[in-house]
Amino acid sequence: MANDLSVQFVDYLRQNKHLAPIEGGPDRTGRGADYRQLKLWEVTSLSPTEFADEAARFFTLGRIALQEMMAAEPLVASFSPRFLRETMVFPCSTGDGTRVLAIVDPTDQATQRAAQIVLGTDIVVKVASSEDVAVALNQSFSAEEAQPAEPSAALPREDDIESLRDLASGAPVVRAVNDLLEKAVELRASDIHIEPFLAGLMVRLRIDGLLRPVSALSGVLPQAVVSRIKIIANLNIAERRLPQDGAARLRAGRADIDIRVAIMPTQHGESAVIRILPKDRGLLVVDKLGFSPPDETKLRRLLKLPHGMIVITGPTGSGKTTTLATILSILNEPTRKILTIEDPVEYEIPGVNQSQVKPAIGLTFATALRSFVRQDPDVIMVGEIRDTETAHVAVHAALTGHLVLTTLHTETAAAAVPRMLDLGVEGYLLRSVLRGVIAQRLVRQLCERCKTARPLAAADFTEDPRLGALGFRADEIVHQPCGCERCGGTGYRGRLGVFELLELSDELRELIGERTDGLKIDAMAIRGGMTTMLADGIAKCRAGLTSPAEILRVTTVR
């Protein structure tokens with residue numbers, strides 16, 4: 001009966017268009033059999049809270065909120081952290097002694113039976129959102145990690161290669177590194193920084209663009225941790241004098257991820273930075289990027305052009321690759337052939353031919369571009385224009401009838417024009433091929449649960465006079481971060497983009513010459529109606545999506 005009810009729930013979600021059909025599945029009707037190996041809450045269009053509400057209503061189960069789970073006594077010690085993270089359940093005991101199993105997906109009968117074997121059949125099953133379970137598990141595991149560990153002096157001190165290899169393959173080090181990767185994925189981190197100092201190892205995670213310290217890997221030798229990371233990334237553990245770069249694909253918790261590893265020798269040992277590229281990201285849709293309606297209209301107009309060049313600019317970590325991948329997903333139709341050359345391939349898009357640069361064997365952006373033109377593509381994406389050769393080949397590809405998408409590192413959209421000229425592109429060629437430039441930054445999004453609205457006071461303008469320059473007025477209502485368990489006390493959860501889209505008009509093209517002034521192009525574009533990143537950010541502040549402090553952190557008044 002339970003299995004029948006599970007199939008009915010899947011059908012219910014599908015009929016209400018909350019469930020995406022599985023391409024290439026065994027059953028084209030989309031019935032429950034297609035979803036046996038998937039996490040239902042990850043393939044729905046519902047938010048985590050909405051999915052939990054729907055599941056509790058359908059299965060007539062109680063709902064449990066994050067506050068209740070945090071107040072209850074966790075019963076996680078009887079389970080392995082990996083089991084709880086993969087199944088997304090949180091066992092706890094409430095104040096009256098009732099044992100509760102907070103579960104995200106009530107269709108997962110196997111997990112419920114396993115929990116009953118450990119805790120007894122009298123447990124009460126309640127539904128929680130995936131976000132709340134992740135926060136509760138993280139808090140419980142962090143509390144366990146805070147317990148004093150065995151002194152590191154008891155660890156072997158051998159520094160030879162064989163001893164390090166043995167230590168790196170031992171269960172304590174393997175478990176410590178795996179737990180760190182799982183924790184990073186759980187906290188939505190983009191990078192892990194493992195840094196040796198005189199006082200010991202420091203571990204920080206980059207979450208929503210800012211670094212956050214986490215508990216260090218206690219009870220393991222720092223050299224063994226770095227050696228374990230090298231083994232995962234297929235690097236040489238004997239080489240400790242030179243930088244090394246590597247990559248790997250692995251499973252962390254319930255997510256398949258790609259990692260990029262960079263090892264750098266420092267004064268007190270080797271520093272490791274692990275870039276995390278999750279493979280189970282949500283659908284790449286323009287709505288999730290944060291374009292304003294006028295800018296989205298301009299973007300879709302640019303994408304309908306048969307050929308030319310569209311450039312996305314911004315510093316490292318500003319979301320350029322995500323925007324490029326979203327644009328490719330819009331252009332990805334059976335009637336178009338799309339080729340990309342990237343470093344690295346962060347998003348895998350079915351139907352798009354994606355390549356990764358390999359400088360060691362001579363596969364660079366420029367050499368790949370030359371081959372691309374002979375592959376009869378309609379759209380070409382170049383991960384980044386770094387040198388004169390790549391710039392020339394990209395411009396000529398756009399001249400010969402291809403739509404070329406690429407990125408540059410410039411501060412504003414208008415600054416992309418003098419930058420391309422600086423790379424050696426002739427002004428008359430740039431006038432012919434450049435269709436539009438998108439400049440962007442990422443700002444942290446206010447946590448929906450704890451953000452608070454308040455009027456701006458005179459003291460705010462005294463403390464930061466830039467608020468007046470942004471156009472804010474006294475007594476104007478803005479939202480500010482507060483901090484709760486869901487956002488880790490930061491007041492922010494997730495990021496969104498602020499954009500400016502420069503669409504090249506005939507008047508702007510006339511300004512492109514051998515000695516082009518980016519400021520003149522910027523001023524004319526603003527007079528022509530271009531929304532700057534600053535103006536876009538202020539609009540998002542007034543909509544309650546972010547705070548003025550965040551906008552001032554990533555943009556400048558001009």
query: Do the rings of Phe291 and Phe499 sit parallel, tilted or perpendicular, given the 30° and 60° boundaries?
result: parallel

query: Are any side-chain N or O atoms of Asp245 and backbone N or O atoms of Ala262, one a donor and one an acceptor, separated by less than 3.5 Å?
result: no

task: Report yes if the side chains of Arg275 and Glu346 come closer than 4.5 Å at any heavy-atom pair, otherwise no.
output: yes

- request: Output yes when Arg249 and Glu348 qualify as a salt bridge under the 4.0 Å nitrogen-oxygen rule, no when they do not.
  value: yes

message: Ignoring hydrogens, what is the shortest heavy-atom contact between Ala391 and Leu423? Give both atom names and the distance.
response: CB-CB, 4.1 Å

- prompt: Can you find a heavy atom in the side chain of Val185 that is under 4.5 Å from one in the side chain of Arg85?
  reply: no

query: Side-chain contact, heavy-atom cut-off 4.5 Å: Phe51 with Ser130?
result: no

task: Going by the side-chain contact (heavy atoms from CB on, under 4.5 Å) test, name the single residue among Val311, Leu328, Ile380 that passes it with Leu405.
output: Leu328

query: Within the distance-only criterion (no hydrogens, no angle test), does the side chain of Thr406 pair as donor or acceptor with the backbone N or O of Met309 below 3.5 angstrom?
result: no

query: Backbone N or O of Pro315 within a donor-acceptor pair of the Lys320 side chain at under 3.5 Å?
result: yes

query: Could you walk me through whether Leu504 and Arg435 pass the side-chain contact (heavy atoms from CB on, under 4.5 Å) check?
result: CA-CA 6 Å; Leu504 271 293; Arg435 299 289 181 261; 6.0 Å; no

field: Salt-bridge present (Lys298, Glu503; N to O < 4.0 Å)
entry: no

query: Name the one of Thr340, Thr326, Thr322 that satisfies side chain to side chain donor-acceptor pair (under 3.5 Å) with Tyr347?
result: Thr322

- line: When every non-hydrogen atom of Val127 is compared with those of Ala55, the smallest separation belongs to CG1-CB, 4.2 Å

message: Does this structure show an ion pair linking Asp536 with Lys540, if we count only N-O contacts that are shorter than 4.0 Å?
response: yes

query: Hey, is CD on Glu333 packed in by over 12 heavy atoms from elsewhere, all under 6.0 Å?
result: yes

task: Can you measure from SG (Cys450) to NE2 (His479) and round to the nearest 0.5 angstrom?
output: 11.5 Å

message: Would the distance check show the side chain of Glu500 and the main-chain N or O of Met533 forming a donor-acceptor pair, the cut-off being under 3.5 Å?
response: yes

query: How long is the gap from CG on Leu534 to CG on Leu470, to the nearest 0.5 Å?
result: 5.5 Å

- prompt: So, Thr407 side chain and Gly383 main chain: donor-acceptor pair closer than 3.5 Å or not?
  reply: yes

- prompt: Does the pair Leu210 and Arg212 meet the rule for a side-chain contact (heavy atoms from CB on, under 4.5 Å), with working shown?
  reply: CA-CA 6 Å; Leu210 295 182; Arg212 185 187 304 177; over 6 Å; no

field: Side chain Asn332, main chain Pro350, donor-acceptor under 3.5 Å
entry: yes

task: Can you see which heavy atom on Phe9 is nearest to which on Glu54, and at what distance?
output: CE1-O, 4.2 Å

query: So, do Glu426 and Val395 sit near enough that their side-chain heavy atoms are less than 4.5 Å apart?
result: no

field: Lys520 side chain vs Leu511 backbone, donor-acceptor pair below 3.5 Å
entry: no

Distance-minimising heavy-atom pair for Arg553 and Leu442: NH2-O, 4.2 Å

field: Student check: side-chain heavy atoms of Glu550 and Arg495 closer than 4.5 Å
entry: no

- prompt: Distance from Met524 atom CE to Leu502 atom CG, nearest 0.5 Å?
  reply: 11.5 Å

- prompt: How many angstroms lie between atom OG1 of Thr390 and atom CZ of Arg370, to the nearest 0.5 angstrom?
  reply: 8.5 Å

- prompt: Ignoring hydrogens and geometry, is there a side-chain-to-backbone donor-acceptor pair from Asp460 to Ala457 under 3.5 Å?
  reply: yes

message: Could you check whether any side-chain N or O of Arg509 sits under 3.5 Å from a backbone N or O of Arg431, counting only pairs where one atom can act as donor and the other as acceptor?
response: yes

query: Would you say Pro294 and Thr531 make side-chain contact, with heavy atoms under 4.5 Å?
result: no

- prompt: Got a second to check how far Gln356's CD is from Asp343's CG, nearest 0.5 Å?
  reply: 6.0 Å

task: Please say whether more than 12 non-hydrogen atoms of neighbouring residues, nucleotides or ligands are located less than 6.0 Å from CZ in Arg454.
output: yes

message: Between Ser190 and Arg206, is there a side-chain heavy-atom distance shorter than 4.5 Å?
response: yes

query: Should Met264 and Val273 be marked as a side-chain contact (heavy atoms from CB on, under 4.5 Å) after you check the CA-CA gap, both sets of side-chain angles, and the distance that decides it?
result: CA-CA 9 Å; Met264 171 66 70; Val273 177; over 6 Å; no

task: Would you please name every residue forming a side-chain hydrogen bond (donor to acceptor under 3.5 Å, both in side chains) with Arg188, sequence neighbours left out?
output: Asp208

query: Pro344 and Arg260: which non-hydrogen atoms are nearest, and at how many Å?
result: CB-NE, 3.1 Å

- prompt: Would Leu66 and Arg449 count as a side-chain contact (heavy atoms from CB on, under 4.5 Å) if you check the C-alpha gap in whole Å, the side-chain angles of each, and the deciding distance to 0.1 Å?
  reply: CA-CA 11 Å; Leu66 178 61; Arg449 288 195 185 172; 3.7 Å; yes

message: If you define the side chain from C-beta out and look only at heavy atoms, does anything of Val433 sit under 4.5 Å from Val425?
response: no

query: So, the side chain of His402 versus the backbone of Val373: is there a donor-acceptor pair under 3.5 Å, distance only?
result: no

- request: Considering only NZ, NE, NH1 and NH2 on the basic side and carboxylate oxygens on the acidic side, decide whether Lys183 and Glu186 come within less than 4.0 Å.
  value: no

Inter-residue atom distance Arg493.CZ - Arg444.CZ, 0.5 Å rounding: 13.5 Å

- request: Provide the closest heavy-atom pair for Val345 versus Leu277 in the form atom of the first, atom of the second, distance.
  value: O-CD1, 4.4 Å

- prompt: Could Glu476 and Arg542 be called an ion pair, given the rule that one side-chain N must be under 4.0 Å from one carboxylate O?
  reply: yes

